[in-house]
Every structure is written in C-alpha cells, then in structure tokens.
Amino acid sequence: MKEDYLRIRMSKRRMDKLRLYAQMKDTTMTHIIENFVDSLKIPDIDNNSTVPLPLNPAD
C-alpha cells in the first residue's frame, strides 16, 4: 500500500489533547485520525443520502 503524508498545524492545546486521547485509548494518533476520516460521510448526488467510502479504496 502506498502511503501519503499529512502535515498540519494545530494549537499545542489540541495536540496535547490528541496525544492524551491516544494514550488513554492505547492507540496511535495516526490511527485516531484515520478512523475519523473513515467515518466521514460523502453525500450521494443522486438521492442526497450519505455513502461511506470503502475502508481500503485500493481494493
């Protein structure tokens, strides 16, 4: 699987919150962000419903 990189700026408060949440859940910050992105719904143009994207678009 080819990986891309994301570089973002956020406040120290938000970064600390993300680190703490990841530590509490015993997971990585990357995993938390990936799960959030996977949960986003994309509107279906035909009937205005939401359609989740496949978990692995390469499949």
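In this text the structure is predicted, and so the values were computed from the model without any measurement.
- With values rounded to the nearest 0.5 angstrom, Glu34 atom CD is found 13.5 Å from Phe36 atom CZ.
- To the nearest 0.5 Å, atoms CG (Asn35) and CG (Leu40) are separated by 11.0 Å.
- Nearest heavy atoms, Met10 versus Met15: SD-N, 3.6 Å.
- Across Ala22 and Thr28, no two heavy atoms sit closer than the pair CB-C, 4.0 Å.
- Here the CD1 atom belonging to Ile32 is positioned 12.0 Å from the CZ atom belonging to Arg19, to the nearest 0.5 angstrom.
- Ion pairing between a basic and an acidic side chain is recognised when a charged N comes within 4.0 Å of a carboxylate O; Arg13 and Asp16 show no such pairing.
- Cluster membership for Met29 and Ile8, using ILVMFWY side-chain heavy atoms within less than 4.5 angstrom, is shared.
- Under the 4.5 Å side-chain heavy-atom criterion for grouping Ile, Leu, Val, Met, Phe, Trp and Tyr, Leu6 is connected to Leu18 within one hydrophobic cluster.
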